[in-house]
Amino acid sequence: MKIIVCIKQVPDTTEIKLDPVTGTMIREGVPSIMNPDDKGGLEMALKLKDEFGAEITVITMGPLKAEAIIREAFAMGADKGVLLSDRKFAGADTLATSNTLAGALRTMDFDIIITGRQAIDGDTAQVGPQIAEHLDLPQITYVEDVKYDGNRKLTVKKATEEGYQILEVETPCVLTVLSSANKARYMSVCGIVEAFDKDIDIWGFEQINVNEKKLGLGGSPTRVAKSFTRGAKSAGQLHEVEPHEAVEIIVNKLKEKFIIR
Ligand SMILES: Cc1cc2nc3c(=O)[nH]c(=O)nc-3n(C[C@H](O)[C@H](O)[C@H](O)COP(=O)(O)OP(=O)(O)OC[C@H]3O[C@@H](n4cnc5c(N)ncnc54)[C@H](O)[C@@H]3O)c2cc1C
C-alpha cells in the first residue's frame, strides 16, 4: 500500500502573544512546527504501515526551510519526502495551494492521500477536500479512526457535531484527519540520525502536472485585502446587587450585544 501524507509547516500559534502596547502579534521567537492535524494524519499512516506494511511519502509545499518537518516525518517513520518549492507557487490561496499539491500528486502512485483536517495558521480546512475534487477522488473529512480490510476497503470513523458516522470507502481516496485521532509517536533516536542522511526530492513547476495559470497569486481567486489584530477586550463592569437584579443586568447586556433576543 502507498500512502501520501500532506504536511504543512506552521507557526506554533499557541506561542504567539500580543504586544500589549501596540496590539500587534509578536512573531519573533515563535517556533515552526508540523501542523498538529497533519501529525495525526502521519501517525494514522504509520499505524497502517505497522499493521499492513506501507510506503509512506510526505509532501509539503513551502519554502526550503520546510525541509525540517520532512526530516521530522522521516524520524517518525516516513519513507520518502517531497518538497514543492518554486516562486511560481508563491502567494497561493487555498485553491492555488490545492492545485499545486494535486499537480504533484497526479505524478505519484498512491492508494490513500491523507491531509490534516485544518492548518492552525490558515485555518480554512479547504485544502484536503479541494485536492480530492481536483483528482476526482472520494473524500472523508474529520477522520478519527480507520480500519483497512487488507484489500481496497477502508472503514472510517468520521466525527460530526452530534457524534460520529461509520463510512466505507474504496481506495484510492482522500482522508482529512483530526489531531485528536491518536497520540503521535515520538521521533526515534535511530530515526533522527537516519533522517539527516535521507534525500528529499525538491520539485518545482517542471516536475508537476498542472496548468501554470492555476498556481500562485495568479491562480488565486481570493486576495487578502487587509489583516489586523482583533482589539483587546475592554475591562468588565462590577455590579454589587441582589441575584435577581444581576440576572436582569446580564440578560440586558446579552440582548444589547445581540447574543440573545
Ligand atoms: C491571497 C492569499 C495569498 C496568500 N499568500 C500566501 C503566501 O504568499 N505564503 C503563504 O505561506 N501562504 C499564503 N496564503 C495562505 C495560504 O493560502 C494557505 O496557507 C494555504 O492555502 C493553506 O490553507 P490553510 O492554511 O487554510 O490550510 P487548510 O485547508 O486548513 O489545511 C488542510 C490540510 O491541507 C494540507 N495542506 C495545507 N497547506 C499545505 C501545504 N502548503 N503543504 C502541504 N499540505 C498542505 C495539510 O494537510 C493541512 O492539514 C495566502 C492566502 C491567500 C488567501
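Ligands are counted one by one from 1 in listed order, and the atoms in each one are counted from 1 as well. All residue numbers refer to positions in the sequence shown, counting from 1.
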Looking only at heavy atoms, is any part of Asn35 under 4.0 Å from ligand 1, and if so is it the side chain, the backbone, or both, or is it neither?
side chain

Any nitrogen or oxygen of Thr222 lying under 3.5 Å from a nitrogen or oxygen in ligand 1? Just yes or no.
no

For atom 36 (N) of ligand 1, what's the nearest protein heavy atom and its distance?
Val127 CG1, 3.8 Å

Closest heavy-atom contact between Met108 and Thr57?
CE-CG2, 3.8 Å

Please confirm whether Cys6 comes within less than 3.5 Å of ligand 1 when only nitrogen or oxygen atoms on both sides are compared.
yes

Only heavy atoms count here, so choose which of Ile131, Val10, Thr60, Ile7 is nearest to atom 44 (N) of ligand 1.
Ile7

For ligand 1, which atoms have a heavy atom of Val224 less than 4.0 angstrom away?
1 (C), 2 (C), 52 (C), 53 (C)

Strictly inside 4.0 angstrom of atom 4 (C) of ligand 1, do you find any protein heavy atom?
yes

For Asp37 and Val177, the nearest pair of non-hydrogen atoms, with its separation, is CB-O, 3.5 Å

With nothing but distance in play, are any N or O atoms of Gly91 less than 3.5 Å from an N or O of ligand 1?
yes

Quick one: does Asn209's side chain have a donor or acceptor within less than 3.5 Å of a partner on Arg106's backbone?
no

Any side-chain to backbone donor/acceptor pair from Arg71 onto Ala195? Under 3.5 Å, distance only.
yes

Within the protein, is there a heavy atom lying under 4.0 Å from atom 11 (O) of ligand 1?
no

Taking 4.0 angstrom as the limit and counting only heavy atoms of Arg117, give me the atoms of ligand 1 inside it, by number and element.
32 (C)

Counting both backbone and side chain atoms, is some N or O of Ile59 under 3.5 Å from an N or O of ligand 1?
no

Would Thr115 count as being in polar contact with ligand 1, using the rule that some N or O on each side must be under 3.5 angstrom apart?
no

Between Asn35 and Gln118 (side chain of the first, backbone of the second, donor and acceptor by atom type, cut-off under 3.5 Å), is there such a pair?
yes

Residue-ligand contact Gln9/ligand 1, heavy atom below 4.0 Å:
no

Between ligand 1 and Arg223, is the shortest N or O to N or O distance under 3.5 Å?
no

Looking only at protein heavy atoms, which one is nearest to atom 40 (C) of ligand 1, and how far off is it?
Met61 O, 3.8 Å

Identify the protein heavy atom lying closest to atom 32 (C) of ligand 1, giving its residue, its atom name and the separation to 0.1 Å.
Gly116 O, 3.6 Å

So, the side chain of Asp111 versus the backbone of Lys2: is there a donor-acceptor pair under 3.5 Å, distance only?
yes

Are any of the N/O atoms on Gln126, whether in the backbone or the side chain, positioned under 3.5 angstrom from an N/O atom of ligand 1?
yes

Over all atoms of both residues, closest heavy-atom pair of Leu95 and Gly219
CD2-O, 4.5 Å

Side chain, backbone, both or neither: the part of Thr124 lying under 4.0 Å from ligand 1 by heavy atom
both

Using modelled atom types only, decide if a donor and an acceptor are shared between the side chain of Asp149 and the backbone of Arg152 within a distance under 3.5 Å.
yes

Interfacing atoms of ligand 1 (cut-off 4.0 Å, heavy-atom, Asp93)
17 (O), 21 (O), 51 (C), 52 (C), 53 (C)

Can a donor-acceptor pair be found between the side chains of Ser98 and Gln126 at a distance below 3.5 Å?
no

Atom indices of ligand 1 within 4.0 angstrom of Gly122 heavy atoms, with elements
24 (P), 25 (O), 26 (O)

Is the closest heavy atom of Asp38 to ligand 1 under 4.0 Å?
yes

When you look at CZ of Arg223, are more than 12 heavy atoms from neighbouring residues, nucleotides or ligands closer to it than 6.0 Å?
yes

Minimum heavy-atom distance Asp79-Lys198, with the two atoms named
O-NZ, 3.6 Å

For Asp121, the ligand 1 atoms with a heavy-atom partner under 4.0 Å come out as 25 (O)

Which residue holds the protein heavy atom closest to atom 18 (C) of ligand 1, what is that atom called, and what is the gap in Å?
Lys8 NZ, 3.8 Å

Report yes or no: is the cationic atom of Lys255 (NZ for Lys, CZ for Arg) closer than 6.0 Å to the six-membered ring centre of Phe258, at no more than 45° off its axis?
no

Among Ala92, Ala119, Ser220, which one has a heavy atom closest to atom 16 (C) of ligand 1?
Ala92

If you measure from atom 28 (P) of ligand 1 to every heavy atom of Pro221, Pro63, Pro129, Ala125, which option wins on shortest distance?
Ala125

Closest protein heavy atom (residue, atom, distance) for atom 21 (O) of ligand 1:
Thr97 OG1, 2.8 Å

Spell out, as yes or no, whether a donor-acceptor pair under 3.5 Å connects the side chain of Glu15 to the backbone of Asp12.
no

Run the numbers for me: atoms of ligand 1, each under 4.0 Å from some heavy atom of Leu101, listed by number.
43 (C), 44 (N), 45 (C)

Considering all heavy atoms, the nearest Gly91-Leu217 contact
O-CD1, 3.3 Å

For ligand 1, does Thr94 get within less than 4.0 Å through its side chain, its backbone, both, or neither, judged by non-hydrogen atoms?
both

Closest non-hydrogen atom pair between Gly128 and Thr115, with its separation:
CA-OG1, 3.6 Å

With a 3.5 Å distance limit and no angle check, can you tell me whether Thr13 reaches the backbone of Asp121 through a side-chain donor-acceptor pair?
no

Is it the case that the side chain of Glu43 and the backbone of Arg185 share a donor-acceptor pair, with hydrogens and angles ignored and the cut-off at 3.5 Å?
yes

So for ligand 1, is Leu217 a polar contact partner (N or O within less than 3.5 Å, distance only)?
no

